[in-house]
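Structure first, then comments.
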Amino acid sequence: MARHLITSALPYINGIKHLGNLVGSQLPADLYARYLRTRGNEVMFICATDEHGTPAELAAAKTGEPVAEYCARMHGVQTELARGFGLSFDHYGRSSSQRNHALTQHFAGRLADNDYIREVSEKQVYSVDDGRFLPDRYIEGTCPNCGYDKARGDQCENCTKQLDPTDLINPHSAISGSTNLEVRETKHLYLRQSALKGEISDWIDSKKDWPILTTSIARKWLNDGDGLQDRGITRDLHWGIPVKRGQQAWPGMEGKVFYVWFDAPIEYIASTAEWADAQGKADADWRRWWRKDEGAQDVTYTQFMGKDNVPFHTLGFPATIIGSGEPWKLVDYIKSFNYLTYDGGQFSTSQGRGVFMDDALEILPADYWRWWLLSHAPESGDSEFTWDNFQQSVNKDLADVLGNFVSRITKFCRSKFGEVVPEGGEYGREETALIDTLTTRIRAYEDFMQAMEVRKAAAELRGIWVLGNEYLQGAAPWSTFKTDPEKAAMQVRLGLNLIRLYAVLSAPFIPFTSDAMLAAMQTDISDWPDDVTAALQALRVGHAFIVPEVLFAKITDEQREEWEQRFKGVRA
RNA sequence: GGGCCUGUAGCUCAAUGGUUAGAGCAGGGCGCUCAUAACGCCUUGGUUGGGGGUUCGAGUCCCUCCGGGCCUACCA
């Protein structure tokens with residue numbers, strides 16, 4: 001039994017995530033975790049909310065809540081939504097946890113001890129009226145290059161010129177509008193990534209099987225310009241992990257916190273510790289997933305993330321781990337995704353554009369979304385969500401191919417034999433042919449799942465569903481019943497067993513429906529079909545079942561049009 | 001500006017440099033009547049964005065042009 005550690009990129013705390021966020025990390029990670037579990041592996045699937053940084057403080061200020069309360073509340077909201085989508089985290093932690101405080105401070109201390117930290121004194125813009133230093137992008141003004149009056153301090157969106165905040169004409173705070181800005185001197189810690197460039201570069205080069213998207217982004221950062229740059233890992237904010245050197249005070253760093261991108265990946269580890277705490281387990285129980293000297297040497301660690309997260313996971317976090325000089329587990333495989341776009345534009349949390357997780361669950365069950373998103377996962381390039389495509393795909397795949405298959409065989413059985421697996425008849429040529437084809441396709445499905453080829457796995461699974469309809473059409477029990485009822489019984493028995501088989505195979509994609517299918521078949525036998533012939537005999541003669549409700553109601557044209565209108569603009 | 005990704009049927013996508021570029025959906029025809037007007041079979045549909053080059057052979061490699069997207073280090 002292999003051991004698999006799986007992490008999904010941490011969703012940021014400042015609001016409800018949209019479908020693009022979901023499909024870029026949490027959902028495919030869940031697919032993989034569920035698959036590996038059902039294949040008998042020991043799995044630790046970890047996620048958490050990412051709670052620090054300026055946007056969290058501003059979001060809290062907007063609602064009038066203290067930031068700690070805001071984060072606690074939003075963590076609760078996101079936890080419920082994760083549950084609603086069937087995300088099977090072993091633990092959904094918080095980057096603001098005490099575990100993460102201690103670990104982040106520990107890593108900083110180790111990095112300092114190993115001379116991978118340097119102090120840098122720099123000048124930053126301070127907004128007197130806001131009472132805070134402003135990140136470059138929170139300063140607005142007129143672009144000196146093109147005259148655009150809403151240029152940001154890091155870049156002008158209009159002419160794309162890169163800017164320094166001090167370049168702006170009439171600079172003002174993007175938060176309050178205040179022009180009462182001054183440049184102040186402040187001191188920060190930098191992680192000397194440049195000193196680790198060689199090691200990180202060699203490590204990336206050794207990953208021959210990683211997606212091009214992952215390695216090309218990493219190489220770009222490693223080799224662009226002067227190569228990998230040192231990175232500031234502290235900020236002048238109130239909300240965050242106080243800068244400490246291990247458990248010691250860090251002279252000169254009083255009142256400062258670690259940069260959110262320094263502590264967020266460490267939360268993968270901390271969240272596993274939170275899991276142990278929540279389960280009443282010992283430290284050794286989480287450390288065996290992370291410390292190669294305490295049991296993690298045989299762990300396979302896979303990370304899932306959108307492409308925007310790749311630099312921090314290929315460079316920053318590995319630099320932290322390598323630089324610590326301690327035997328923490330480095331990631332073995334990074335599965336990265338492009339973006340899902342919405343009707344030709346971008347999904348946007350800040351602009352409220354697109355479909356958000358709460359809206360999605362309000363209008364349709366989770367499995368509709370899981371199936372569409374995973375079968376259209378943006379693996380080779382950005383992919384687009386349109387209501388038309390969504391309606392067509394879901395109706396065809398789920399309602400017609402799978403749902404209707406379950407419906408037709410259970411209802412036929414009920415009308416001819418009752419709600420019980422019928423007796424009689426033996427397999428003939430058609431049945432052995434079906435089993436051969438099923439076996440071939442299930443093995444292909446396993447390969448795609450193992451390789452995290454999400455779309456191909458979905459297509460293969462769909463193909464397996466189709467085999468059921470093909471079989472029924474050829475076998476035609478409604479015909480054979482008239483001349484050879486025993487043969488019809490055998491055909492129906494096989495059909496009913498296919499439902500159970502499909503429930504098991506489909507569980508990683510559509511777990512709720514899978515449960516409903518098993519419930520209808522009144523069985524909890526969910527072993528993986530290593531032997532298809534045996535798997536198709538799980539429901540024995542005389543076993544009672546229930547004809548289930550329609551598994552997937554179709555999306556009507558009226559619904560599609562209504563949703564198209566409803567989600568057209570921006571939401572408040 | 002620089003870098004990376006991408007462009008294949010009406011749509012969404014496949015195709016270690018190697019038969020005649022394949023699937024699903026949509027469209028057309030036939031069949032079936034168990035089923036959510038569902039299912040099955042057959043079928044139409046391509047100058048692989050344009051142009052050059054390398055090769056016995058290019059969707060695939062090289063050059064160039066055009067279109068789309070992303071990143072470019074203080075948002076996360």
Side-chain angles (χ1 to χ4, degrees), chain A residues 9-14 21 50 52-56 58 122 124-125 133-139 152-155 160-162 164-165 188 193 211-213 215-217 219-221 223-225 228-232 235-236 259-261 264 306-312 315-316 338-339 341 344 346 349-350 375-376 378-384 386 388-389 392-393 395-401 403-416 453 455-456 458-459 462-463 466 468-479 481 488 491-492 495 549-554:
Chain A
L10 307 187
Y12 196 64
I13 196 70
N14 72 336
N21 297 126
D50 179 14
H52 297 136
T54 308
L58 297 180
E122 55 195 10
Q124 286 198 355
V125 175
F133 282 93
L134 296 177
D136 291 356
R137 65 163 40 201
Y138 286 102
I139 302 156
R152 294 190 320 205
D154 56 342
Q155 184 175 42
T160 74
K161 186 177 173 61
Q162 310 239 353
D164 191 271
H188 282 295
Q193 298 185 139
I212 293 172
L213 184 64
T215 50
S216 64
I217 291 172
R219 290 213 173 84
K220 160 73 172 167
W221 283 59
N223 303 320
D224 195 37
L228 186 59
Q229 301 297 298
D230 295 344
R231 182 143 197 143
R235 293 290 183 275
D236 289 295
Y259 175 43
V260 56
W261 263 116
K307 57 186 169 185
D308 51 329
N309 274 315
V310 169
F312 303 100
L315 309 167
N338 289 280
Y339 293 143
T341 61
Q346 289 191 347
T349 304
S350 56
S375 61
H376 293 79
E379 288 176 301
S380 56
D382 292 350
S383 66
E384 184 176 21
T386 64
D388 199 48
N389 183 302
Q392 265 187 20
S393 300
N395 284 355
K396 194 71 195 173
D397 298 348
L398 297 181
D400 295 347
V401 175
N404 183 54
F405 171 75
V406 173
S407 194
R408 65 193 296 205
I409 187 67
T410 52
K411 286 181 180 169
F412 180 76
C413 183
R414 179 173 62 185
S415 72
K416 303 300 184 203
E453 294 266 17
R455 277 185 317 212
K456 287 181 181 174
R462 185 192 190 280
V466 167
N469 285 312
E470 285 177 4
Y471 171 75
L472 279 191
Q473 195 66 32
W478 49 90
S479 267
F481 183 77
Q491 293 167 333
V492 167
E549 296 296 307
V550 166
L551 290 180
F552 297 100
K554 289 202 192 195

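Protein chains get the first letters and strands the later ones, always in sequence-line order, with residue 1 at the start of each.
- Residue-to-nucleotide contacts include a donor-acceptor pair under 3.5 Å from the side chain of A/Trp261 to the base of B/A76.
- Judged as a side chain to side chain contact (heavy atoms under 4.5 Å, CB included), and not counting sequence neighbours, the contacts of A/Arg219 are A/Ile204, A/Asp205, A/Thr215, A/Asn223.
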If you apply the rule side-chain contact (heavy atoms from CB on, under 4.5 Å), what do you find for A/Asn21 with A/Tyr12, and how did you get there? CA-CA 10 Å; A/Asn21 297 126; A/Tyr12 196 64; over 6 Å; no
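- One can place CG of A/Asn395 at 10 Å from C1' of B/U36, the figure rounded to the nearest angstrom.
- For A/Asp308, the side chain to side chain contact (heavy atoms under 4.5 Å, CB included) partners at least two apart in sequence or on another chain are A/Tyr339.
- Residue side chain A/Asn404 reaches the base of B/A35 through a donor-acceptor N/O pair under 3.5 Å, judged by distance alone.
- If you check B/C74, B/C70, B/C39 against the side chain of A/Lys307, the one that comes closest is B/C70.
- Classification of the A/Phe412-A/Trp478 ring pair by plane angle, with boundaries at 30° and 60°, yields perpendicular.
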How does RNA chain B look in dot-bracket notation if pairs are Watson-Crick or G-U with both distances under 3.5 Å, crossing ones as [ ], other-strand ones as |? (((((((..((((....[...)))).(((((.......))))).....(((((..]....))))))))))))....
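- Partners of A/Gln392 according to the side chain to side chain donor-acceptor pair (under 3.5 Å) rule, which considers only residues two or more places apart in sequence or in another chain, do not exist here.
- An OP1 or OP2 oxygen of B/C71 is reached within less than 4.0 angstrom by a side-chain nitrogen or oxygen of A/Tyr339.
- Between the P atoms of B/A15 and B/U54, the separation comes to 28 Å (whole Å).
- Look at CG on A/Leu472: it is 10 Å from P on B/G40, rounded to the nearest Å.
- Nearest-nucleotide assignment on RNA chain B puts the 5′-proximal partner with A/Lys220, out of A/Thr54 and A/Lys220.
- Within the 3.5 Å criterion, the main-chain N or O of A/His376 finds a donor-acceptor partner in the side chain of A/Ser383.
- Residues meeting the side chain to side chain donor-acceptor pair (under 3.5 Å) test with A/Ser380, sequence neighbours left out: A/Arg455.
- If you measure from atom CZ of A/Phe481 to atom P of B/A35, you get 14 Å, rounded to the nearest angstrom.
- Atom SG in A/Cys413 sits 12.0 Å away from atom CD in A/Gln491 (nearest 0.5 Å).
- Side-chain contact, A/Lys554 with A/Asn395: no donor N or O sits under 3.5 Å from an acceptor N or O.
- Distance from the side chain of A/Arg231 is smallest to B/A73 among B/U36, B/C71, B/A73.
- Counting only heavy atoms from C-beta on, A/Lys396 has its side chain closest to B/C25 among B/C25, B/A73, B/A76.
- To the nearest whole angstrom, the two P atoms, one in B/C5 and one in B/A38, are 43 Å apart.
- Put simply, CG on A/Leu315 is 12 Å from P on B/U72, counting in whole angstrom units.
- Residue A/Lys411 places at least one side-chain N or O under 4.0 Å from the OP1 or OP2 atom of B/U36.
- For A/Arg408, the listed nucleotide lying nearest its side chain is B/C34; candidates were B/C34, B/C71, B/C70.
- When the P atom is used for both B/G18 and B/C62, the distance is 15 Å, rounded to whole Å.
- Residues passing the ring pair (Phe, Tyr, Trp, His ring centres under 6.0 Å) test with A/Phe552, sequence neighbours excluded: A/Tyr368.
- For A/Phe133, the ring pair (Phe, Tyr, Trp, His ring centres under 6.0 Å) partners two or more places apart in sequence, or in a different chain, are A/Tyr126.
- Across all strands shown, A/Asp308 has heavy atoms under 4.0 Å from base atoms, whether or not it also approaches the sugar-phosphate.
- Judged by distance alone, the side chains of A/Asp397 and A/Ser393 never bring a donor and an acceptor atom under 3.5 Å apart.
- As judged by a 4.0 angstrom heavy-atom cut-off over every strand, A/Lys554 is placed among the base-contacting residues.
- Partners of A/Asp50 by salt bridge (Lys or Arg N to Asp or Glu O under 4.0 Å), not counting sequence neighbours: none found.
- Counting non-hydrogen atoms under 4.0 angstrom, A/Leu551 reaches a base of the nucleic acid.
- For A/Arg137, a side-chain nitrogen or oxygen approaches OP1 or OP2 of B/C75 to under 4.0 Å.
- Distance check on atom C1': B/G59 versus B/G46 gives 11 Å, rounded to whole Å.
- For A/Val550, counting side-chain heavy atoms from C-beta on, the closest listed nucleotide (B/C74, B/U36, B/C71) is B/U36.
- Across all strands, A/Phe133 comes closer than 4.0 Å to no nucleic acid atom at all (heavy-atom distances).
- Look at CD on A/Glu453: it is 14 Å from C1' on B/U16, rounded to the nearest Å.
- When each of A/Leu213 and A/Val401 is assigned the nucleotide of RNA chain B with its nearest heavy atom, A/Leu213 is the one assigned upstream, toward the 5' end.
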I'd like a list of close polar pairs between nucleotides 27-32 of chain B and the protein, N/O only, cut-off under 3.5 Å.
unit_1 : atom_1 : unit_2   : atom_2 : d
B/G31  : N2     : A/Gln473 : NE2    : 3.0

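- Nucleotides B/U12 and B/G45 are separated by 16 Å at their C1' atoms, to the nearest Å.
- Taking atom OH of residue A/Tyr259 and atom P of nucleotide B/A73, one finds them 11 Å apart after rounding to whole Å.
- Comparing the C1' positions of B/G24 and B/A9 gives a spacing of 12 Å, expressed to the nearest Å.
- Residue contacts shown for A/Gly53 are limited to sugar-phosphate atoms, with no base heavy atom under 4.0 Å away.
- With both ends at atom C1', the span from B/U44 to B/G3 equals 43 Å, rounded to whole Å.
- Residues meeting the side chain to side chain contact (heavy atoms under 4.5 Å, CB included) test with A/Ala459, sequence neighbours left out: none.
- Across the protein-nucleic acid pair, A/Asp397 atom CG and B/A26 atom C1' stand 13 Å apart, rounded to whole Å.
- Using P as the reference atom, B/C11 and B/U48 are 16 Å apart when rounded to the nearest Å.
- Interface remark: the A/Gln124 side chain does form a donor-acceptor pair with the B/C74 base, using a distance-only criterion of under 3.5 Å.
- For the side chain to side chain contact (heavy atoms under 4.5 Å, CB included) test, residues two or more places apart in sequence or in another chain that qualify with A/Lys456 are A/Phe448, A/Glu453.
- Nucleotide B/C75 holds its P atom 12 Å from the CG atom of A/Leu58, rounded to whole Å.
- Backbone-only engagement by A/Val466 is indicated by non-hydrogen atom pairs under 4.0 Å involving sugar-phosphate atoms exclusively.
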How does protein contact run along nucleotides 9-15 of chain B, one letter per nucleotide 5' to 3', with B for base contact, S for sugar-phosphate only, - for none, heavy atoms under 4.0 Å? ---SSSS
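- Within the 4.0 angstrom heavy-atom criterion, base atoms lie near A/Phe312.
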